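Notes follow once the structure below has been shown.
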Amino acid sequence: MTQELIGLEFLQKNEIKNKRCNMEQPFAFISYSHDDFDSQIVMNVFKLLYDKGINVWIDTANMPYGEDDWKVSAMQALMNHNCKFAFFFRSESSMLKDTISKELTTIKKLKHIGPIVTIDIWHEKGIYAQKFLDQVLNGGDYSVYAVCEQICNIVSPECKALRLSADFGNDIHKLAAEMIAEAKEHGLGGGKQAEKPEPPKPEPPKPEPPKQEPPKPESPKPAGDGYTYTIFGKPYKAGEREQGKLMYDAFAALMERYPDSVDQLTRRTSVARAEDVKNANTKDADPVYFRGCKSFQADGREYLVGTSYGFNAKLAEIKGMFKICGADVGEFILNGKPLVDKNPGDGTGAADGFAYDLWNIPHKAKSMADMMHDVFDLIAEKYPASIPEMAENQSITSVAHKSDVDEGKLPSNKLNYFQVKKEHTVDGAKYYVSTRYNREQGLGQLKKMLVLCEGNADALKITAVPDKTTHSVSGKKGIGELLR
């Protein structure tokens with residue numbers, strides 16, 4: 001889409017009054033394109049965040065005085081050590097802007113700024129970052145492609161993102177709610193503190209009321225009752241803000257009763273071996289579900305249970321744990337009501353798992369991870385000579401030489417995927433296949449493997465998929481890992 005107004009003209013036309021960022025407190029920076037489509041969405045989302053008390057910096061609400069001031073105002077905001085992280089609105093327009101490329105490059109270099117939380121607001125239905133990058137590459141304009149590629153090097157096409165259309169049905173109120181949750185995890189607030197309230201108008205003096213007996217002090221209102229629950233008949237309690245305790249208690253009870261199933265519980269996204277989680281119990285936790293977690297010991301190994309999910313997703317994780325152990329979900333009774341297993345299956349969140357045809361031969365897999373390993377083996381059996389090239393391909397982030405991973409020789413954006421991996425041997429050489437992807441990302445990786453080997457991905461046809469489970473962005477829906 002064309003941009004009619006640029007620079008200061010755009011800022012003046014779209015000025016947001018009385019919603020300045022309080023740069024003396026922690027704040028988030030908004031990076032977006034001055035495009036009619038983008039700016040309409042961004043302005044509306046910004047106002048929803050600000051009105052909920054989230055301290056956010058956006059150019060149109062922090063108007064500079066002149067053209068020279070405008071050129072440096074964004075840089076000054078980014079260099080302010082109260083800038084804690086950035087929201088990047090990704091679209092066909094923002095992916096082609098050199099100003100966005102420079103902005104994101106600066107954000108990446110500044111050590112005091114945390115993650116770049118990506119929000120996908122694509123103009124066209126069905127578009128996504130890798131597809132758009134491929135379109136630009138085939139468009140023949142190198143200067144345009146160079147900008148797009150630079151942005152993709154900073155914010156990977158494979159990164160999880162909050163998708164306005166796919167995840168929130170184009171409902172900006174739901175999108176804003178997820179962004180608010182992410183902001184609060186980083187300790188943000190105070191958006192309204194930057195406003196200077198008008199002094200109250202003096203009221204005329206009122207006649208003194210007749211003297212009355214001082215009212216008796218009210219009894220303090222009791223705090224919320226929180227949660228009461230039983231697991232295998234044993235009673236538990238958790239406060240209103242202790243939802244994670246439900247998951248911890250469920251895991252501990254299952255571990256005690258089904259000790260042989262402990263390692264199998266890592267099939268849930270909420271359970272992992274400690275060595276497979278990076279920066280646990282911090283905002284930089286990787287995977288993001290372990291931003292809040294607790295450690296458990298079993299069979300001489302340390303396991304972590306992550307709780308960065310919405311409440312319904314926490315219950316889904318508990319149900320999945322019970323199913324993996326072969327326990328009756330109804331043994332978990334919450335506030336007097338047993339949990340109901342609406343999706344019986346293998347505990348991976350799928351009733352029947354995946355069904356797919358590869359080269360017209362039907363296959364099944366219980367989970368996305370199993371499917372990725374199985375399809376890789378089938379591809380390697382047919383095209384063993386292509387596997388070394390596949391391992392060295394930068395857009396195929398799911399395959400690598402074992403030695404490159406073990407010795408840390410890969411670029412960091414690819415190496416990060418191999419926190420979760422499995423070893424495969426092809427023609428005597430060892431490779432790792434990463435399965436640290438959700439459904440869409442995993443299928444995208446498999447298609448890229450086939451394109452490399454056959455020139456297209458038509459040989460793979462998905463015939464059945466399990467119902468999706470959702471995770472909150474404050475883990476996700478995973479954000480910040482915001483979600484493809």
Side-chain angles (χ1 to χ4, degrees), residues 21 25-32 42 45-46 49 54-58 74 77-91 94-95 100-121 129 150-164 167 175-189 269 277-293 306-310 397 411-417 419 436-438 441 471-484:
C21 175
Q25 294 187 4
F27 65 90
F29 183 93
I30 288 182
S31 179
Y32 72 108
V42 174
V45 171
F46 164 77
L49 266 62
I54 303 302
N55 198 18
V56 188
W57 191 97
I58 189 172
L78 290 172
M79 293 178 68
N80 186 316
H81 278 241
N82 281 322
C83 183
K84 298 304 180 185
F85 73 102
F87 286 120
F88 167 47
F89 286 82
R90 184 166 60 181
S91 69
S94 64
M95 289 279 281
I100 299 290
S101 173
K102 292 176 180 177
E103 204 164 71
L104 294 175
T105 299
T106 300
I107 291 169
K108 200 73 173 179
K109 289 180 179 179
L110 287 167
K111 295 180 180 179
H112 64 268
I113 299 181
I116 297 174
V117 178
T118 306
I119 301 101
D120 278 343
I121 53 170
Q150 175 64 19
I151 291 175
C152 287
N153 287 337
I154 300 167
V155 181
S156 167
E158 301 292 342
C159 80
K160 292 184 178 179
L162 292 173
R163 301 171 300 169
L164 176 60
D167 294 323
L175 170 63
E178 292 288 353
M179 294 172 67
I180 289 167
E182 179 72 13
K184 287 184 176 179
E185 280 212 354
H186 291 83
L188 265 63
T269 58
V277 178
K278 184 178 178 182
N279 299 325
N281 263 326
T282 73
K283 66 181 179 63
D284 299 317
D286 199 357
V288 294
Y289 309 120
F290 295 89
R291 288 174 176 173
C293 63
T307 59
S308 293
Y309 302 84
T397 55
S412 59
N413 64 325
K414 183 168 180 175
L415 185 62
N416 285 338
Y417 285 97
Q419 299 291 328
R436 197 178 157 210
Y437 304 87
N438 62 24
Q441 291 176 318
H471 306 284
S472 80
V473 171
S474 27
K476 68 198 246 81
K477 281 181 179 167
I479 206 159
E481 279 191 5
L482 295 157
L483 313 176
R484 182 175 303 175

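Note that these values count all heavy atoms, side chains included, but never hydrogens, waters or copies made by symmetry. If you read the sequence from its start, that first residue is 1, and numbering goes on from there. Owing to the predicted nature of the structure, the values given are computational and were not obtained by experimental measurement.
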Measure the shortest side-chain to side-chain distance between Lys184 and Ile54 over non-hydrogen atoms and say whether it is less than 4.5 angstrom.
yes

dist Lys84:NZ -> Gln25:CD (nearest 0.5 Å) comes out at 11.5 Å

Rounded to the nearest 0.5 Å, what separates atom CG in Asn281 from atom CZ in Arg291?
12.0 Å

Phe87, Phe46, Phe29 screened by ring-ring contact (aromatic ring centres under 6.0 Å, His included) with Trp57, the one that passes
Phe29

What pair of heavy atoms forms the shortest contact from Gly306 to Phe290, and how long is it?
N-CE2, 3.3 Å

Return the minimal non-hydrogen interatomic distance between Met95 and Ile151, and the atom names on each side.
O-CD1, 3.5 Å

Measure the CG-CD distance between Leu162 and Glu182 for me, rounded to the nearest 0.5 Å.
7.5 Å

For Lys108, salt bridge (charged side-chain N to carboxylate O under 4.0 Å, His left out) partners two or more places apart:
none

Sole residue of Leu104, Thr106, Ile116 in side-chain contact (heavy atoms from CB on, under 4.5 Å) with Ser31:
Leu104

Which atoms form the tightest heavy-atom contact between Ala176 and Leu49, and what is the distance?
CB-CD1, 3.8 Å

Between the CZ atom in Arg163 and the OG1 atom in Thr118, the distance rounded to the nearest 0.5 Å is 12.5 Å

Distance (rounded to the nearest 0.5 Å) between Cys21 SG and Asn82 CG
8.5 Å

Check whether any side-chain N or O of Ser91 sits under 3.5 Å from a backbone N or O of Ile121 as a donor-acceptor pair, and report yes or no.
no

Minimal non-hydrogen separation, Ala280 against Cys293, with atom names:
CB-SG, 3.7 Å

State which residues pass ring-ring contact (aromatic ring centres under 6.0 Å, His included) with Tyr32; sequence neighbours excluded, sorted by chain then number.
His34

Taking all non-hydrogen atoms of both residues, which atom of Pro26 and which atom of Asn55 are closest, and how far apart?
O-ND2, 3.2 Å

Applying side-chain hydrogen bond (donor to acceptor under 3.5 Å, both in side chains) to Lys102 and not counting sequence neighbours gives Asp98

Do you know which of Ile30, Ile100, Ile119 makes side-chain contact (heavy atoms from CB on, under 4.5 Å) with Phe88?
Ile100

Please report the shortest heavy-atom distance between Ala129 and Arg90, naming the atom on each side.
CB-NH1, 3.6 Å

Report the distance from atom CD of Glu103 to atom CD1 of Ile154, rounding to the nearest 0.5 Å.
10.5 Å

